[in-house]
Amino acid sequence: MAAVLILLAIDVSGGFDGTWAQDWYLWFAFAVGAVLCGVRAVQVPHERLAWSLFAIGWVFYVAGGIVFQVFLGGSTATFPSSADVLWLGLYVVDLAGVAALMHARGIARKSAWLDGAVGALAVAAAAAAFAFDPALSAAHSQDVVAIAYPLLDCLLVGFVVVVASAEGWRLDRTFGLIALGFIGLAGGDAQYLVSAADGTWTPSQAQNIPYVLGTLLICLAAWQPAGRLRVERLERRMFTVPIAFGLVAVGLQAYGFIDPVNGVARALDVLAILAVVIRLGFTFRDYADVLETSQREALIDAVTGLGNRRKLMRDLDEVFADKRPMLVAIFDLDGFKHYNDSFGHAAGDSLLIRLSAALEEATRAAGGLAYRMGGDEFCALLPDGTDLAAISPALREDGSGFTVDCSHGCARVPFEASAATAALRLADQRMYAVKNARPVSASSQTRDLLVRVLAEREPDLHDHVLDVGALAREVARELGIPEEELPEIVNGAELHDVGKIAIPESILHKPGALDDEEWDYMKRHTLIGERFLLSVPALRAVGRLVRSSHERWDGDGYPDGLAGEAIPLGARIISVCDAYDAMVTDRPYRRGTDRTSALTELQRCAGSQFDPRVVKAFCAVASRMALARAVA
């Protein structure tokens, strides 16, 4: 590129006058453009098509120059000539090259193309009316091929508006240099057309400057770092872009009444206005689609695809309005929380999707509709008289280490309820009556077994762990923990010492202080307890609480040295309740302290050993318990 600039300086200074270089220098510059763009195409695979098209464009231009110089006699050639066909190929191929580069850089949205088309046509119309009007006026007396030069020049400059639109009207270096290169070619064509049309064209040095500089700028664009554009998705642009350029087109129409513009400008202006109308049509269609989608999604559960609670209430209102006899059934999954805790939320979502699909199929076969009300609760609207025993198996799944089933309740409308909320309340009450009457779950049986084994091994611990469990339940409620999460915390509190089953009696009942080795062994009981519980899939989450039940808020606890919020909240609750009950309970080797002193000690250790928020909640619970005892 530096060599081309040096040769351009020599050409402008007249150094090539009367030599062969005067005729061939310009075509040499275009050949350099072909080579540089071709090399770039090889080096950047994902932009290969774009730069290959640019290289082909320069080949067309060089071929046209050879025909012009060798076969048409250079300056004596008539205008237009057969070389013009080859030269015009550059414009067509370059337009395709810009499009390919846009696609490679990630500009594939329809809105970007339509915005750019509006802007390109408006810019091209304005350029044809003002910047290239002399060339067009001269070309009108010649051939349609001559008119194509300024027209394609206008489109080349205007087409870069497509990229500017997609980039939020900020051109990067690649497209900015391409735009400047196109402007250089357009300026050279403007000079060439006017002088060639009136018979004054000569291969002078000054006329080569815009062509050479335009070529070099496009070559420089090819060698900028390749990357993908960061497209700004600004909703406001959906209107401002077409409207702004539409106003340019309308303004040009108005200007035509004052000072008539050429035919090419008028044609491009009409096309720009037509593109604005099409763009706004697409915009309104897109907004209509978005509105329809948002309305549909507002009634659909995002995970399962079933109707959500809003859709259920709407359909129930229609049922009551039509006074159709229907059955409102509520289904609540049993064992889903333990499944979620054991296998993770992703597996839980997959299970919900499978169960909801089965429920939808079963309810559709019965002539009804299925809904997900939230969490693990479903609902169905069914024809009156439907046997729920044929529907509920859809919400059951067994696997290795788990069983998920459902409890259900129903209400007949409008016979048993006069409104949608009353029907759901009645069905919900009946569902919970069924749930509470179900046999004890396998996880509850396992928990009871472990508590019983601990009681046999350490009778003194039996009452302690049950008391800690009761306290943990009340503190968790005080902290606003959802009711369905309480069993996990209560089980963790009742089983937090289950690992002591494996501790030797010589350590567990040693009358004196434990030495360092014995104390290290004693601290392993949380890990042992976790291992016990991890063997039961439904109690894995409880095992994690047991592991962390002796961590401290300041990080000095065991076994992991967790601190602050890193300690599970359930474990922080268990730690406070365990410490309190240990302080107030009598032991064979000491008497328990009074409750006031125990609460004072908890408050003293808040922020070091215990979570201050949990201690505050515990004190509130203890105050209510003390008041209840006083009243009793």
Smallest separation among heavy atoms of Leu327 and Pro383, with atom names: CB-O, 4.1 Å
Test side-chain contact (heavy atoms from CB on, under 4.5 Å) applied to Thr304 and Leu355, step by step: CA-CA 9 Å; Thr304 65; Leu355 295 179; over 6 Å; no
Flag side-chain contact, heavy atom, 4.5 Å: Asn491 against Leu545: no
Considering all heavy atoms, the nearest Val614-Ile573 contact: CG1-CA, 3.8 Å
Carboxylate-amine/guanidinium contact Arg477 Glu474, below 4.0 Å: yes
Within-4.5 Å side-chain heavy-atom neighbours: Lys337 and Asn340: no
Atom pair CZ/CG of Arg430 and Leu426 - distance to nearest 0.5 Å: 4.0 Å
Residue pairs passing the side-chain hydrogen bond (donor to acceptor under 3.5 Å, both in side chains) test where at least one lies in residues 367-384, sequence neighbours excluded: Asp301-Arg372, Asp315-Tyr371, Asp384-Arg412
Whether Phe336 and Tyr339 hold their rings parallel, tilted or perpendicular, with breakpoints at 30° and 60°: parallel
Side-chain heavy atoms of Arg547 within contact of Pro559, under 4.5 Å: yes
Check: Ser407 main-chain N/O paired with Asp334 side-chain donor or acceptor under 3.5 Å: yes
Value rounded to 0.5 Å, distance of OG1 in Thr526 from CZ in Arg524: 10.0 Å
Separation of Arg552 CZ from Ser608 OG (nearest 0.5 Å): 5.5 Å
Arg354, CZ: over 12 other non-hydrogen atoms inside 6.0 angstrom: yes
Over 12 foreign heavy atoms within 6.0 Å of CD, Glu361: no
Side chain to side chain, Ile489 and Arg473, heavy atoms closer than 4.5 Å: no
Heavy-atom side-chain proximity of Asp578 to Ser549 below 4.5 angstrom: no
Main-chain N/O of Ala571 paired to Ser575 side chain as donor or acceptor, under 3.5 Å: no
CA sep, side-chain torsions, deciding dist, call: Arg425, Asp428, side-chain contact (heavy atoms from CB on, under 4.5 Å): CA-CA 5 Å; Arg425 188 183 309 113; Asp428 195 57; 5.6 Å; no
Atom pair CD1 (Ile300) and NZ (Lys311), whose distance is rounded to the nearest 0.5 Å: 7.0 Å
Heavy-atom donor-acceptor pair, Asp560 side chain to Leu562 backbone, under 3.5 Å: no
N/O donor-acceptor pair under 3.5 Å between Thr363 side chain and Glu360 backbone: yes
Least distance between heavy atoms, Arg324 atom then Pro414 atom: O-CD, 3.9 Å
Note, Ile503 side chain near Ile528 side chain (heavy atom, < 4.5 Å): yes
Shortest non-hydrogen contact between Ala370 and Leu306, atoms and distance: O-CB, 4.0 Å
Verdict with supporting geometry, Leu352 and Phe378, side-chain contact (heavy atoms from CB on, under 4.5 Å): CA-CA 10 Å; Leu352 287 177; Phe378 295 84; 4.0 Å; yes
Any Leu602 side-chain heavy atom under 4.5 Å of Val576 side chain: yes
Rounded distance [0.5 Å steps], SG in Cys619 versus OH in Tyr580: 9.5 Å
Exercise: identify the closest heavy-atom pair between Ala427 and Val328: CB-O, 3.7 Å
Aromatic plane relationship, Tyr558 with His550 - under 30° parallel, 30 to 60° tilted, over 60° perpendicular: parallel
Residue list, side chain to side chain donor-acceptor pair (under 3.5 Å) with Glu517, at least two apart or on another chain: none
Exam field: side chain Arg309 to backbone Gly374, donor-acceptor pair closer than 3.5 Å: no
Least distance between heavy atoms, Ala423 atom then Ala411 atom: O-CB, 3.7 Å
Ser350 side chain to Ala346 backbone, donor-acceptor under 3.5 Å: yes
Test side-chain contact (heavy atoms from CB on, under 4.5 Å) applied to Phe532 and Leu495, step by step: CA-CA 10 Å; Phe532 286 162; Leu495 296 172; over 6 Å; no
Lys616, NZ: over 12 other non-hydrogen atoms inside 6.0 angstrom: no
From CG (Leu471) to CD1 (Ile574), nearest 0.5 Å: 12.0 Å
Member of Glu494, Glu488, Glu530 meeting the side-chain contact (heavy atoms from CB on, under 4.5 Å) criterion with Val542: Glu488
Contact check, side chains of Tyr521 and Pro504, non-hydrogen atoms, under 4.5 Å: yes
